[in-house]
Amino acid sequence: MTILHNTWGIYVHVPWCHRRCSYCDFYFEIGKSDSKFAATVLAEWDARRQSFPLLSAKTLYFGGGTPSTLSSEQLSQIISPIKSGQSLHPDAEITLEANPEDLNPCYLTEIKQAGINRLSLGVQSFDLGILKWLGRKHDSKTARAAIVHALEAGFTRLSVDLIVGVPGEDWQQISEAISWLNKIGVGHVSVYVLTVEPLTPLERLIEKGQRLRPIEDAQAAAYEQAQAILKEQGYRQYEISSFAKPGQESQHNRLYWAQGSYLGLGPGAHSMLLKPDGSIYRRHTQGILSEWLKDPLAAHFTEDILDPDHALLESLAFGIRDLLRGVKVKSQLDRHKCALPKSFFRTVENLQERGWVVEQDNCLFLTPLGTLFADAVAREFLGM
Ligand code: SF4
């Protein structure tokens, strides 16, 4: 596994959405993006960049909310100065999360010129009934058109998000949709199992009897079914939720799982920095848009430091989610400058006996069975 002492990324949180999807518990505001957004991101960038490594960042990720609510000019206003200040590697992966209804050929050409080289599309389903169930704005035709237009505009790195485990889903249709994605040249698919988060409109609808509550066993079966179909179509699973053709893996997400450093800009953004003593500094800017727009540095935030021993446990728990690279224990010890906890070998032995983890070339990997219990494995590492 690559040691990420100096590799780092930039995350920009774009807090606007056209409307609320019923299952969503992220921080966002309904409406159009504010004209001061780009200038405020840059002000925050100028002030906080110094704390991060001198080397240029390898990834820049616009997440949300719905980042495709930004105009191509706004994206260019943010990307250009960061690029020209040599803070972004010339081959950096620059991703925009986008909703299908925002993508027309003209916008796609413009955002490509602005520097976006990877798109992550919030498609979720190609079934109109399921899209309505989830409260999404687009329909299947719009989703397919957005994908075709993105490929025609020259986006060779394209990811499609799907949600499975929704009551009433049609597996024949999901299978055909995945086969279409493969045929048309989409290199990356993320699969999320629907979760009913507390206090969401979906939870209220379920409580009122207006939606069926998803059944856990059926959801686990749905995840396994998605794994099998994607494998059949040549997508390699490289993380619990992520499947890619070789070379199409998301570098930014891999940075998160490897506990690499990242600078989060915008209201609601998280940052993380590996310190020279092996500890980890974490910061979360609170999601209060008006406060952040007024002065991003005066906006409320919380911060904490994980000492090297605890940082090591987190690195093991997250690192093992990378199914292809696994987690190299020796590298993590060097990185965090500390020793293994006494219970480490017993914990690993126990996980191996359950068939969830294997060791190979001094790396720990999740087994196919272990991917179904990844959260339990993480809890075992964090509890050592
Ligand atoms: S578009 Fe994404 S962030 Fe916005 S409400 Fe829907 S799920 Fe949440």
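A quick note: this is a predicted structure, and the numbers were derived from the prediction, not measured. Numbering of ligands and ligand atoms starts at 1, following listing order.
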task: Considering the heavy atoms of Phe28, write down every atom of ligand 1 situated less than 4.0 Å from one of them.
output: 5 (S)

task: Could you find the nearest protein heavy atom to atom 8 (Fe) of ligand 1 and give me its residue, atom name and distance?
output: Cys24 SG, 2.3 Å

query: Does NZ or CZ of Arg254 fall inside the cone over Trp257's six-membered ring, less than 6.0 Å from its centre and within 45° of the axis?
result: no

- prompt: Taking Gln248 for the side chain and Thr156 for the main chain, is one N or O donor matched with an acceptor at less than 3.5 Å?
  reply: yes

Any Leu181 side-chain heavy atom under 4.5 Å of Gln233 side chain: no

field: Phe126 six-ring face occupied by Arg144 cation (under 6.0 Å, within 45°)
entry: yes

- prompt: Which one holds for Cys21 and ligand 1: side chain close, backbone close, both close, or neither close, with close meaning a heavy atom under 4.0 Å?
  reply: both

field: Sub-6.0 Å ring centroid separation between Phe37 and Trp292
entry: yes

query: Should Gly122 be listed as contacting ligand 1, given a heavy-atom distance under 4.0 Å as the test?
result: no

- request: If you have a sec, work out which protein heavy atom is nearest atom 4 (Fe) of ligand 1 and how many Å separate them, to one decimal?
  value: Cys17 SG, 2.3 Å

message: Between Ser250 and Asn253 (side chain of the first, backbone of the second, donor and acceptor by atom type, cut-off under 3.5 Å), is there such a pair?
response: yes

- line: The atoms of ligand 1 lying under 4.0 Å from a heavy atom of Arg19, numbered in the order shown, are 5 (S)

task: Tell me which one of Arg136, Glu29, Glu97, Arg20 gets a heavy atom nearest to atom 2 (Fe) of ligand 1.
output: Arg136

- request: Heavy-atom contacts with Thr66 under 4.0 Å: which atoms of ligand 1 show up? List them by number with element.
  value: 1 (S), 4 (Fe)

message: Tell me whether Gln219 contacts the main-chain N or O of Ala222 through its side chain, where contact means a donor paired with an acceptor under 3.5 Å.
response: no

- request: May I ask you to list the atoms of ligand 1 that are less than 4.0 angstrom from any heavy atom of Asn99?
  value: 1 (S)

